[in-house]
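All values reported here derive from a predicted model rather than from experimental measurement. The chain is numbered in sequence order, starting from 1. Any value given below was found using the heavy atoms of this structure, including those in side chains, with hydrogens, waters and symmetry copies removed.
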Amino acid sequence: MPETQRRPESRYGNRPTMKDVAARAGVGLKTVSRVVNGEPGVTPETERRVQEAIDALGFRRNDSARVLRKGRTASIGLVLEDLADPFYGPLSRAVEEVARAHGALLINGSSAEDPDREQELALALCARRVDGLVVIPAGDDHRYLEPEIKAGVATVFVDRPAGHIDADCVLSDNFGGAHEGVSHLVAHGHRRIGFIGDMPRIHTAAERLRGYRTAMEDAGIPVEDAWMSLGATDPLRVRRAAEEMLSGPAPVTAIFSGNNRVTVTVIRVLAERTRRVALVAFDDLELADLLQPGVTVIAQDAALLGRTAAERLFGQLDGTLITPERIELPTRLVRRGSGELPPAD
């Protein structure tokens, strides 16, 4: 190819090496290694020349190679349900802060509530030699991780337990929180209380439904099938469920919503109606205190979930935590007005 037609070399993938630094500074590789790793045995003048070469070339130490020689990659993986869900923001941040305190990098990804995608993502992270995994499971069978755990990958499940394996898990008290929320509505005079939740195969949804049913049973209130709706949290499905519960000759006078995404749609439906309906929501949500009335919620501490799970993970890596445990964190009722409305009829 003529000189004028020669293709330009890519500027990507050509990072400067220690050899380049050594050549520019006029020293040996061992000298560069000592400067880069902060080791003694280099004169101030030589260290200055090496540092100038590093700055001029934009050299960066290859931490991946360095930590692999030590048997650790100084990285952990976090498998979330949905990166866009506000609930997972503080959870992810808490995991990252604990990882940072231990000198580790956090790599995360979303399963999109797809068990196959969860498995693919978790195993891809393991293939990249992460030291540990924090998993919010989408599936209910995690035997695919057994070889990785036996190989030394620390693993903690958060928000939902693992399926068919014995592993650390950090959960909120979903049953107790739902029971308290529904009992709160009962205490304010409600007998026709609707429940709208997530997919029934999901642990949190099933536990919150169980809390709802038990609270109603404890109050001596028979539950009608029409008062319960579980399924996808997309707005159309939730809207249809809420409208059906609020229609007919004996509509519900209160709704217990099973998570923050359900709650947003329920609030929209209630805003379109003149009859006031009480609402208690599982999960807090932004601006809930500014609505009229404010939204009464069962709040769970997402940051504490993430921090506890990450600390368990590094406890496994440090060898101080060996026996898997199930840790259940308490929820709390936050009264803001919507859950304190009396029945309209």
Side-chain angles (χ1 to χ4, degrees), residues 80-91 110-114 136 138 159-160 172 174 177-178 181-182 184-185 190 192-209 211-213 223-248 251-300 302 331 333-341 343-344:
L80 296 163
E81 176 200 341
D82 183 358
L83 289 168
D85 189 326
F87 173 75
Y88 295 117
L91 188 154
S110 172
S111 69
E113 204 60 75
D114 181 343
I136 298 172
D159 193 43
R160 308 164 189 173
S172 291
N174 295 285
V182 175
H184 183 70
L185 290 168
H190 295 277
R192 300 196 302 273
I193 303 171
F195 175 86
I196 305 177
D198 208 333
M199 303 290 288
R201 64 176 176 79
I202 298 173
H203 169 80
T204 51
E207 283 295 283
R208 292 168 195 177
L209 175 63
Y212 161 81
R213 295 187 68 107
V223 176
E224 297 184 14
D225 290 343
W227 296 352
M228 296 177 292
S229 177
L230 280 84
T233 58
D234 69 88
L236 287 178
R237 201 283 301 181
V238 175
R239 171 175 285 275
R240 185 165 55 249
E243 288 176 343
E244 287 175 357
M245 290 181 188
L246 295 167
S247 302
V252 297
T253 63
I255 291 177
F256 183 81
S257 59
N259 65 32
N260 54 3
R261 285 167 292 183
V262 170
T263 302
V264 170
T265 302
V266 170
I267 289 172
R268 294 183 187 278
V269 172
L270 296 182
E272 298 166 359
R273 296 177 172 258
T274 56
R275 184 172 66 92
R276 296 211 304 175
V277 176
L279 171 66
V280 173
F282 204 111
D283 288 337
D284 208 347
L285 63 160
E286 193 173 2
L287 305 181
D289 57 326
L290 299 182
L291 297 173
Q292 292 297 327
V295 181
T296 297
V297 301
I298 299 297
Q300 52 179 334
T331 59
L333 174 67
V334 181
R335 300 168 177 82
R336 296 197 179 111
S338 70
E340 294 69 53
L341 294 174

request  = For residues 285-298, pull every pair meeting side chain to side chain donor-acceptor pair (under 3.5 Å), keeping only residues two or more places apart or in separate chains.
outcome  =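 Sorted pair list: Thr296-Glu340.
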Heavy-atom pair of closest approach, residues [X] and [Y]:
| X | Y | value |
| --- | --- | --- |
| His190 | Ala278 | NE2-CB, 3.4 Å |
| Val252 | Ile193 | CG1-C, 4.2 Å |
| Ser257 | Leu279 | OG-CD1, 3.9 Å |
| Ala344 | Arg275 | CB-CG, 3.7 Å |
| Phe195 | Met245 | O-CE, 3.3 Å |
| Leu341 | Pro293 | CD1-CG, 4.2 Å |

request  = Measure the spacing between OG of Ser110 and CG of Asp82 and express it to the nearest 0.5 Å.
outcome  =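 One finds 5.0 Å between OG of Ser110 and CG of Asp82.
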task = Report the C-alpha separation of Asn259 and Thr204 in whole Å, then their side-chain angles, then the decisive distance to 0.1 Å, and conclude whether the side-chain contact (heavy atoms from CB on, under 4.5 Å) test is met.
result = CA-CA 9 Å; Asn259 65 32; Thr204 51; over 6 Å; no
ask   = How would you list, by chain and number, every residue that makes a side-chain hydrogen bond (donor to acceptor under 3.5 Å, both in side chains) with Glu272, sequence neighbours excluded?
value =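 Scan of Glu272 (side-chain hydrogen bond (donor to acceptor under 3.5 Å, both in side chains), adjacent residues dropped) gives Arg239.
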request  = Check side-chain hydrogen bond (donor to acceptor under 3.5 Å, both in side chains) between Asp159 and all other residues, then give those that pass, not counting sequence neighbours.
outcome  =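 Here no residue qualifies.
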query = Sequence neighbours excluded, which residues qualify as salt bridge (charged side-chain N to carboxylate O under 4.0 Å, His left out) partners of Arg201?
reply =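 Once residues adjacent in sequence are excluded, Arg201 has no partner under the salt bridge (charged side-chain N to carboxylate O under 4.0 Å, His left out) criterion.
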Answer whether the closest heavy-atom distance between the side chains of [X] and [Y] falls below 4.5 Å.
| X | Y | answer |
| --- | --- | --- |
| Val238 | Val266 | yes |
| Ile202 | Arg208 | no |
| Asp85 | Asn260 | yes |
| Thr265 | Ile196 | no |

query = For Asp198 and Val262, what are the C-alpha separation, side-chain angles and deciding distance, and is it a side-chain contact (heavy atoms from CB on, under 4.5 Å)?
reply = CA-CA 8 Å; Asp198 208 333; Val262 170; 5.8 Å; no
task = Answer yes or no: does atom CZ of Arg273 have more than 12 heavy-atom neighbours from other residues, nucleotides or ligands under 6.0 Å?
result =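 Counting neighbours around CZ of Arg273, more than 12 heavy atoms of other residues, nucleotides or ligands fall under 6.0 Å, so yes.
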query = Is there a donor-acceptor pair under 3.5 Å between the side chain of Ser172 and the backbone N or O of Asn174?
reply =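 Not confirmed, Ser172 side chain does not pair with Asn174 backbone.
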request  = Could you tell me whether the side chain of Arg192 and the main chain of Pro251 form a donor-acceptor pair under 3.5 Å?
outcome  =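 Yes.
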inquiry  = Go through it in stages, so that I can follow the logic: the residues are Val295 and Ile267, the test is side-chain contact (heavy atoms from CB on, under 4.5 Å), and I'd like the CA-CA distance, side-chain angles, deciding distance and then a yes or no.
reply    = CA-CA 9 Å; Val295 181; Ile267 289 172; 3.8 Å; yes
inquiry  = Under a 4.0 Å threshold between the charged nitrogen and the carboxylate oxygen, would Glu81 count as salt-bridged to Arg261?
reply    =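 Yes, charged N to carboxylate O under 4.0 Å.
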message = List the residues meeting ring pair (Phe, Tyr, Trp, His ring centres under 6.0 Å) with His203, not counting sequence neighbours, and say none if there are none.
response =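 Counting only residues at least two positions away or on another chain, His203 forms no ring pair (Phe, Tyr, Trp, His ring centres under 6.0 Å).
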Could you list the donor-acceptor pairs under 3.5 angstrom formed between side-chain atoms of residues 226-236 and any protein atom two or more places apart in sequence or on another chain?
residue : atom : partner : partner atom : Å
Ser229  : OG   : Arg237  : NH1          : 2.6
Asp234  : OD1  : Leu236  : N            : 3.3
Asp234  : OD1  : Arg237  : N            : 3.0

key: Pair Phe256 + Tyr212: ring centers closer than 6.0 Å   =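 Aromatic pair excluded; centres sit 6.0 Å or further apart.
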query = Can you name the one residue among Asp284, Asp283, Thr331 that meets side chain to side chain donor-acceptor pair (under 3.5 Å) with Gln300?
reply =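 Result for side chain to side chain donor-acceptor pair (under 3.5 Å) with Gln300: Asp283.
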inquiry  = Evaluate Glu207 against Arg160 for side-chain contact (heavy atoms from CB on, under 4.5 Å), listing each step before the verdict.
reply    = CA-CA 10 Å; Glu207 283 295 283; Arg160 308 164 189 173; over 6 Å; no
